[in-house]
> 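My structure is below; once you've seen it, I'll send some questions.
Remember, it's a predicted structure, so these values are computed and weren't measured experimentally.
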Amino acid sequence: MLTGNREFNEIYEKYKNLVLKAAYIYSGNNYDVAEDITQDTFLKLYTKFDDLKGGNLSAWLFTTAKNAALNYKKKHDREILSVDDEEYTDDEPYRESTEEEYAENELKRERARLHDRIFQGLMEKNPRWYEAVFLAYYMEIPQEKVAQMMDIRLGVLHSILHRAKKWIRKTYGVEYEEMNRKE
């Protein structure tokens, strides 16, 4: 169990916006759900804090919120599909997706898979790169704030971001360019 409320409160203040934004994005931009997921994520942290101490808390918080949001979205999408199926009547013509819509959706899925692989690769290569790129570019937190959150100088953050982008281009550049040619 957590050793001190002050320590938990400091962590909560430092990462609450990160968790909320991740939950919001992955839940399909549903603010009420994102707030619930944020609360649940910090409750899990509170109960497991001693086990997680010393680890990369921001990555754990993000991953926990992301997974909860994706699970919510998956369940919610299933519920919507079943409701939509019941509302379908024979009076309405059934429209199949056009090839163009299918190709566009497939490209979106490919991009999402590539982004997931890039973030997974960053996490494995260098967790600090992952955290910096995620906070600055994905969560769109101002770089001054990111540097403060990571407890580093702004110049160090710029260096980390530069190295991470260079590695991403080297590792995934060809695949990314190929995907963009499909448009």
> Are any side-chain N or O atoms of S27 and backbone N or O atoms of Y24, one a donor and one an acceptor, separated by less than 3.5 Å?
yes

> Looking only at heavy atoms, what is the nearest atom pair of A69 and A23, with distance?
CB-O, 3.7 Å

> To the nearest 0.5 Å, what is the distance between CG (L135) and CD (Q143)?
11.0 Å

> May I ask whether Y46 and W60 are part of the same hydrophobic cluster, defined by side-chain heavy atoms of I, L, V, M, F, W, Y residues being less than 4.5 angstrom apart, directly or through others?
yes

> Should we count NZ of K44 as having more than 12 external heavy atoms under 6.0 Å?
no

> Can you tell me how far OG1 of T38 sits from NZ of K21, rounded to the nearest 0.5 angstrom?
13.0 Å

> For residues M150 and V156: do they belong to one hydrophobic cluster (side chain heavy atoms under 4.5 Å, members Ile, Leu, Val, Met, Phe, Trp, Tyr)?
yes

> Would you say the side chain of F42 lies within less than 4.5 Å of the side chain of L61, judging by non-hydrogen atoms?
yes

> Is the CG atom of D151 crowded by more than 12 outside heavy atoms at less than 6.0 Å?
no

> Side chains of I141 and N17: does their closest heavy-atom pair fall under 4.5 Å?
no

> Check whether more than 12 heavy atoms from other residues, nucleotides or ligands sit under 6.0 Å from atom CZ of R153, and answer yes or no.
no

> Taking only residues two or more places apart in sequence or in another chain, which ones pass salt bridge (charged side-chain N to carboxylate O under 4.0 Å, His left out) with K170?
none

> Any donor and acceptor pair, going by atom type alone, linking the side chain of K14 with main-chain N or O of M149 inside 3.5 Å?
yes

> For a 4.5 angstrom cut-off between non-hydrogen side-chain atoms, does M123 reach F134?
no

> Would I160 end up clustered with I118 when hydrophobic side chains under 4.5 Å apart are linked, directly or stepwise?
yes

> Atom OH of Y26 and atom CD1 of I37: how far apart are they, to the nearest 0.5 Å?
12.5 Å

> Drop me the distance from L20's CG to Q39's CD, to the nearest 0.5 angstrom.
11.5 Å

> Is the centre of the F49 ring less than 6.0 Å from the centre of the F8 ring?
no

> For residues W167 and L114: do they belong to one hydrophobic cluster (side chain heavy atoms under 4.5 Å, members Ile, Leu, Val, Met, Phe, Trp, Tyr)?
yes

> Decide whether E124 and Q120 meet the rule of one side-chain donor and one side-chain acceptor closer than 3.5 Å.
yes

> On a heavy-atom basis, which atom in A164 and which in L122 lie closest, and how many Å separate them?
CB-CD2, 4.1 Å

> What's the spacing between T64 OG1 and K48 NZ if we round to 0.5 Å?
7.5 Å

> G121 and Y172: which non-hydrogen atoms are nearest, and at how many Å?
CA-OH, 3.9 Å

> Quick one: OH on Y137 to CD1 on I168, what's the gap to the nearest 0.5 Å?
9.0 Å

> Dump the intermediate steps for salt bridge (charged side-chain N to carboxylate O under 4.0 Å, His left out) on E106 and R109, then the final yes or no.
CA-CA 5 Å; E106 186 58 30; R109 285 189 290 274; 2.9 Å; yes

> Can you find a pair of side-chain heavy atoms, one from F62 and one from F119, that are under 4.5 Å apart?
no

> Does V19 share a hydrophobic cluster with Y72, counting links as ILVMFWY side-chain heavy atoms below 4.5 Å and allowing steps through other members?
no

